[in-house]
Protein chains: 2
Amino acid sequence: MEYQEAKEKFINTWGSLGTLWGINKAMAQIQSLLFISTKPLSMEEIMEELKISRGNTSMNLRQLMDWGIVTKEIIRGERKEFFTTEKDVQELARIVAKERSRREIKPVIKVLEDVSSIKDDGTAKTKELIKQTKALKDLTDDLDTLMNKLVNQKQNWLTKSVFKLMK
Amino acid sequence: MEYQEAKEKFINTWGSLGTLWGINKAMAQIQSLLFISTKPLSMEEIMEELKISRGNTSMNLRQLMDWGIVTKEIIRGERKEFFTTEKDVQELARIVAKERSRREIKPVIKVLEDVSSIKDDGTAKTKELIKQTKALKDLTDDLDTLMNKLVNQKQNWLTKSVFKLMK
DNA sequence: CTAAACTTTCAATAATTACTGAAAGTTTAT
DNA sequence: ATAAACTTTCAGTAATTATTGAAAGTTTAG
């Protein structure tokens, strides 16, 4: 496999995996491109490489910056803006986990709390609703906590801290 | 909040969270409904409760059964088929994690392996591609392994095994 | 200040994904 | 075998989500 083919394969695969970490295709593709680039890229270059429109590029770059995954680079002597992504995978994972926890998991936990704390009127169906949503709330809470703990270990959290404890 | 309101809130919230665990809305809603039901439900009852068509119900039930989350119940004396979902949240999490690993993560790891093992032609961009995809492959691998290990602890894996080790 | 270089916004449109409903298929009871 | 009861399939349609491109906005140089 040649460089160009490998590069395209990577961008496509990682792009379509977007759903797994909760972002859309173009966003994921832009990030992928920056991730394997040896230098910051301009909007022009990104558009050209991915064959997407200016507007699309602009909007998705903005979202990536909102997530804290991509940053603007000022290059002296250049009028254009350039973009880079976080290059350290552990740091990336940390950012993604934090954001998803904040944006998606926390709000769900809130709803589960509300639902599981309705008044028990003694009927079987109410009891079941309370019991099951409570269980789900506890599980979601535990997973969220675990994820955040993992992700806050600054140094090689995965291999160092966890694996040896679980083997 | 009354039972009916709480129930609807739960089904909607859990339904729209579908993306987080990788299934579509109707699928997630059907599962939610069964999850808080005190008895197995027929297709008729599911359609009625969720206001969705027969075809939609049939297809999504089939998918839920493919995932191993929902099972058919035969009720004696009844001609109709009835459905139930796994009621234990830990077991549910285990099934979901296993399926997502198999369906989504493993194939991505394969691609990352392929891409990261292209021939190093000595150029900076090839080196960068190899280095970064390798790092991503290692991370994805680690996360996948961790997830599967967690999820295979049969008894109270989360609270018992992991938390105390990380505090 | 003005014009050029660049970025953002957003209404229109395209692409994708989900849903319906009726016809075809299957199973069970008689 | 036949018919009733039920489930599945799938072409057509609807709903949702992503993308374009051109106009409006912003910044910088001179």
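Source: prediction; values computed, not measured. Just so you know, these numbers use all the heavy atoms, side chains as well, and skip hydrogens, waters and symmetry mates.
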**Q.** Interatomic distance, A:M65 CE vs C:dT7 C1' [rounded to whole Å]
**A.** 10 Å
Q) Is B:R62 touching bases, backbone alone, or none of the nucleic acid, heavy atoms closer than 4.0 Å? A) sugar-phosphate
**Q.** Over-ring placement of B:R103 relative to B:W67, 6.0 Å and 45° cut-offs
**A.** yes
(Q) Need to verify one output field. Residue with the more 5' nearest nucleotide on DNA chain C, B:K51 or A:K25? (A) A:K25
Q | Length of the line joining A:I52:CD1 and C:dT8:P, which is rounded to integer Å | A | 13 Å
Q. With the threshold set at 4.0 Å, does a side-chain nitrogen-carboxylate oxygen contact exist between B:E128 and A:K87?
A. yes
Q) Rounded to whole angstroms, how far apart are CG on B:L64 and C1' on D:dT8? A) 16 Å
Q: Give the rounded distance in Å between these two atoms: CD of B:Q63 and P of C:dC19.
A: 10 Å
Q: Looking at every strand, decide which applies to A:N24 at a 4.0 Å heavy-atom threshold: base, sugar-phosphate, or nothing.
A: sugar-phosphate
**Q.** Intermediate values then yes/no, salt bridge (Lys or Arg N to Asp or Glu O under 4.0 Å), B:K39 and B:E45
**A.** CA-CA 11 Å; B:K39 59 177 205 335; B:E45 290 170 305; 3.5 Å; yes
Q.
Categorize B:E81 for me: base, sugar-phosphate, or nothing, with a 4.0 angstrom heavy-atom threshold over every strand shown.
A. sugar-phosphate
Q: Round to a whole Å and report the spacing from CG of A:L61 to C1' of D:dT19.
A: 15 Å
Q) Using links of under 4.5 Å between side-chain heavy atoms of ILVMFWY residues, direct or through other members, which residues join A:F82 in one cluster? A) A:I75
Q. In whole angstrom, what separates A:R54's CZ from C:dT8's C1'?
A. 11 Å
Q) Between A:M43 (CE) and C:dA5 (P), how many Å, whole number? A) 16 Å
**Q.** 5'-most by nearest nucleotide on DNA chain D - A:R79 or A:G55
**A.** A:G55
Q. Once you round it to whole Å, what is the distance between P of C:dT8 and CG of A:N60?
A. 12 Å
